Novice: 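Have a look at the structure that comes next, please.
Quick caveat: nothing in here was measured; it's all calculated off a predicted structure.
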Amino acid sequence: MLPTEDLFVYVYVLVDDAISSGAIAIPPRPGPAPACSDAELLAIALVRHLLGRRSEAGFLAEVARDWAHLFPVLPHQSEANRRNRWLWGASEQLRAALAARLPEDDCQQIDTSALPVKHASRVRGPDQWTGPGNDLAARFGRDAAHAEWFYGFRLAIKTDLGSRIVRAWSIVPAAVSERDVAHDLLEAGPPPRDLLADKGFNGKAFAAQQAARGTAVLVPPTKDQRKRMPAILQKVIAEWRNRVEASFAEITDLMELARHGAHTFWGLLTRTAATIAAHTLLHTCLADLLQA
């Protein structure tokens, strides 16, 4: 297991090099340069998600207590939160740069997962959970994985089947057509040969549109189809579907995005971008180091 101090150093150098090379472009801010650099704040945010620490304030306190020799000047939690929101685009740029190091798989997967923002019983009317545009706002939706209703958004991701690297992602309304989400995600990058998707993406029109782009849409078989299907083929399909579920488990459970603690849409966007950047970092650079 890579020691935490070495993990901080590795991630900081990676981020700082990306900023220096122009792979990460951060919009300038007015005022003097802060004592704690953008590279330091990004490194702290990425390591927090890699370690599965839920609380931003709690992790800043942990860094100040145990790793002050690495980060001698830390901002107050409110300042760190404000600056991290400014840097959410930097997290996404880092994710894209890391993912570009590996060629995309011919076979990819698309799925969505619930991102609740408050308990459904506490919803009383319009609130601050509104993103850019007129359509991106928290709504009620059905969480099929847990067979319950929730209030919030959905995280949609497109991943490679083999490496499970996230190639594209989006935060979408809770009650959204999954086929519409797939159209947008598939615009990012070349069309895959095969696309594995859940039954919510099933539809003749959607399959025909993807076939015109050279992509075959594969959805789970129905009960009748499974009765006529060899057991070995059912096992293969189940294993393939489990790969996207494993990605969601890492992002939402191990990296704590399901318990994000955000209070606004922009806070949720910031945490999501940093979490997926950390997940990409894990699968492109850190897997061997963390297992050593």
Novice: Quick one: pull up OG1 in T284 and NE2 in H279 and give me the separation to the nearest 0.5 Å.
Specialist: 10.0 Å

Novice: Within a strict 4.5 Å, meaning less than it, do heavy atoms of the L70 and E5 side chains meet?
Specialist: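 Yes, close enough: below the 4.5 Å cut-off.
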
Novice: Output the distance between atom CG (N84) and atom CD (Q77), rounded to the nearest 0.5 Å.
Specialist: 9.0 Å

Novice: Do NZ/NE/NH1/NH2 and the carboxylate oxygens of E178 and R154 come within less than 4.0 Å?
Specialist: no

Novice: Any carboxylate oxygen within less than 4.0 angstrom of a Lys/Arg side-chain nitrogen, looking at E79 and R82?
Specialist: no

Novice: Does H119 have its ring centroid less than 6.0 Å away from the ring centroid of F150?
Specialist: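 Ring centroids of H119 and F150 are no less than 6.0 Å from each other.
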
Novice: Within the distance-only criterion (no hydrogens, no angle test), does the side chain of D127 pair as donor or acceptor with the backbone N or O of W129 below 3.5 angstrom?
Specialist: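 Here the side-chain-to-backbone pair exists.
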
Novice: Which pair of non-hydrogen atoms, one from F248 and one from I157, has the smallest distance, and what is that distance?
Specialist: CZ-CG1, 3.5 Å

Novice: If I compare all heavy atoms of I276 with all of R95, which pair ends up nearest, and what's the gap?
Specialist: CG2-CD, 3.5 Å

Novice: Under the salt bridge (Lys or Arg N to Asp or Glu O under 4.0 Å) definition, can you give me all pairs with a residue in residues 8-29, not counting sequence neighbours?
Specialist: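 Listed once each, the pairs are R29-D38.
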
Novice: Please tell me whether W86 and L46 are part of a single hydrophobic cluster in this structure, the criterion being side-chain heavy atoms less than 4.5 Å apart.
Specialist: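 Yes.
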
Novice: If a pair satisfies salt bridge (Lys or Arg N to Asp or Glu O under 4.0 Å) and one of its residues is in residues 40-56, list it, with sequence neighbours excluded.
Specialist: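 Salt bridge (Lys or Arg N to Asp or Glu O under 4.0 Å) check on residues 40-56 returns R53-E62.
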
Novice: Show the nearest heavy-atom pair for residues A174 and G152, with the distance to one decimal.
Specialist: CB-O, 3.4 Å

Novice: Kindly give the heavy-atom pair with the smallest separation between R164 and A246, and that separation in Å.
Specialist: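 Minimum heavy-atom separation between R164 and A246: NH1-C, 3.7 Å.
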
Novice: Which pairs count as ring pair (Phe, Tyr, Trp, His ring centres under 6.0 Å) when at least one residue sits in residues 151-172, sequence neighbours excluded?
Specialist: F140-Y151, F153-F265

Novice: Decide yes or no for T4 and F8: does some side-chain heavy atom of the first lie under 4.5 Å from some side-chain heavy atom of the second?
Specialist: yes

Novice: In Å and rounded to the nearest 0.5 Å, what is the OG1 to CZ distance from T270 to R85?
Specialist: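 So the gap between those two atoms works out to 7.0 Å.
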
Novice: Is R167 paired with D105 through a side-chain N to carboxylate O contact shorter than 4.0 Å?
Specialist: no

Novice: Atom OG of S37 and atom CG of L42: how far apart are they, to the nearest 0.5 Å?
Specialist: 8.5 Å

Novice: Quick one: does any side-chain atom of H260 pair with a main-chain N or O of V117 as donor and acceptor, under 3.5 Å?
Specialist: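 No, the answer is negative, given that no donor and acceptor are paired below the 3.5 Å cut-off.
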
Novice: Can you check side chain to side chain contact (heavy atoms under 4.5 Å, CB included) on V47 and Y12, steps first, answer last?
Specialist: CA-CA 9 Å; V47 171; Y12 169 77; over 6 Å; no

Novice: In sequence, state the C-alpha distance, the side-chain angles, and the governing distance for D111 and T159, and then conclude on side chain to side chain contact (heavy atoms under 4.5 Å, CB included).
Specialist: CA-CA 9 Å; D111 208 348; T159 66; over 6 Å; no

Novice: Are the side chains of S170 and L185 in contact, using a 4.5 Å heavy-atom criterion?
Specialist: yes

Novice: Shortest non-hydrogen contact from V15 to A39?
Specialist: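 In this case the closest contact between V15 and A39 is CG1-CA, 3.9 Å.
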
Novice: Judged by atom type as modelled, is there a donor-acceptor pair below 3.5 Å linking the side chain of T215 to the main-chain atoms of A211?
Specialist: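 It does not hold such a pair.
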
Novice: Please tell me if the side chains of L218 and L195 come closer than 4.5 Å, counting only heavy atoms from C-beta onward.
Specialist: no

Novice: Does any part of the side chain of L51, heavy atoms only, come nearer than 4.5 Å to the side chain of L7, both counted from C-beta?
Specialist: yes

Novice: Tell me, yes or no, whether the heavy-atom count around H69 atom NE2, taken from other residues, nucleotides or ligands under 6.0 Å, exceeds 12.
Specialist: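 Enclosed: over 12 neighbouring heavy atoms sit under 6.0 Å from NE2 of H69.
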
Novice: Any side-chain to backbone donor/acceptor pair from R139 onto L136? Under 3.5 Å, distance only.
Specialist: no

Novice: Provide the closest heavy-atom pair for D198 versus V219 in the form atom of the first, atom of the second, distance.
Specialist: O-CG1, 3.8 Å

Novice: Could you walk me through whether L196 and Q108 pass side chain to side chain contact (heavy atoms under 4.5 Å, CB included), step by step?
Specialist: CA-CA 6 Å; L196 272 67; Q108 296 181 335; over 6 Å; no

Novice: Taking the side chain as C-beta and beyond, is there a heavy-atom pair between L14 and L281 under 4.5 Å?
Specialist: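 The answer is yes, as the side chains (C-beta and beyond) meet within the 4.5 Å cut-off.
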
Novice: Do the side chains of V172 and L155 join up, straight or via other hydrophobic residues, at under 4.5 Å, putting them in one cluster?
Specialist: no

Novice: Sub-3.5 Å donor-acceptor pair from the side chain of K158 to the main-chain atoms of A188, do we have one?
Specialist: yes

Novice: Strictly by modelled atom types, are H283 and S163 linked by a side-chain donor-acceptor pair under 3.5 Å?
Specialist: no

Novice: If hydrophobic clusters are built from ILVMFWY residues whose side chains come within less than 4.5 Å, do V181 and L186 share one?
Specialist: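 Yes, it is one cluster - the side chains of V181 and L186 are joined through contacts under 4.5 Å.
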
Novice: Supply the atom-to-atom distance W266 CH2 to R271 CZ, rounded to the nearest 0.5 angstrom.
Specialist: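 Taking CH2 in W266 and CZ in R271, the distance rounds to 14.5 Å.
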
Novice: Evaluate the side-chain proximity of F201 to S177: yes if any heavy-atom separation is below 4.5 Å, no if none is.
Specialist: no

Novice: Within the 4.5 Å heavy-atom criterion, are L269 and I171 side-chain neighbours or not?
Specialist: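 Yes - at least one pair of side-chain heavy atoms lies under 4.5 Å apart.
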
Novice: Taking G189's backbone N and O only, do any of them form a donor-acceptor pair with E104's side chain (distance below 3.5 Å, no angle check)?
Specialist: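 Here the side-chain-to-backbone pair does not exist.
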
Novice: About how many Å separate CG of L286 and OG1 of T280, when rounded to the nearest 0.5 Å?
Specialist: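 Those atoms lie 11.0 Å apart.
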
Novice: Kindly work out whether a path of hydrophobic side-chain contacts (I/L/V/M/F/W/Y, heavy atoms less than 4.5 Å apart) joins L41 to M255.
Specialist: yes

Novice: Applying the 4.5 Å side-chain criterion to the ILVMFWY set and letting contacts propagate, would L254 and I165 be lumped into a single cluster?
Specialist: no

Novice: CZ of R122: more than 12 outside heavy atoms within 6.0 angstrom?
Specialist: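 12 or below, so no.
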
Novice: Could you walk me through whether L98 and C285 pass side chain to side chain contact (heavy atoms under 4.5 Å, CB included), step by step?
Specialist: CA-CA 8 Å; L98 293 173; C285 304; 3.9 Å; yes

Novice: Over 60° means perpendicular and under 30° means parallel, so tell me whether H183 and F206 are parallel, tilted or perpendicular.
Specialist: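 Aromatic pair H183/F206 classed perpendicular.
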
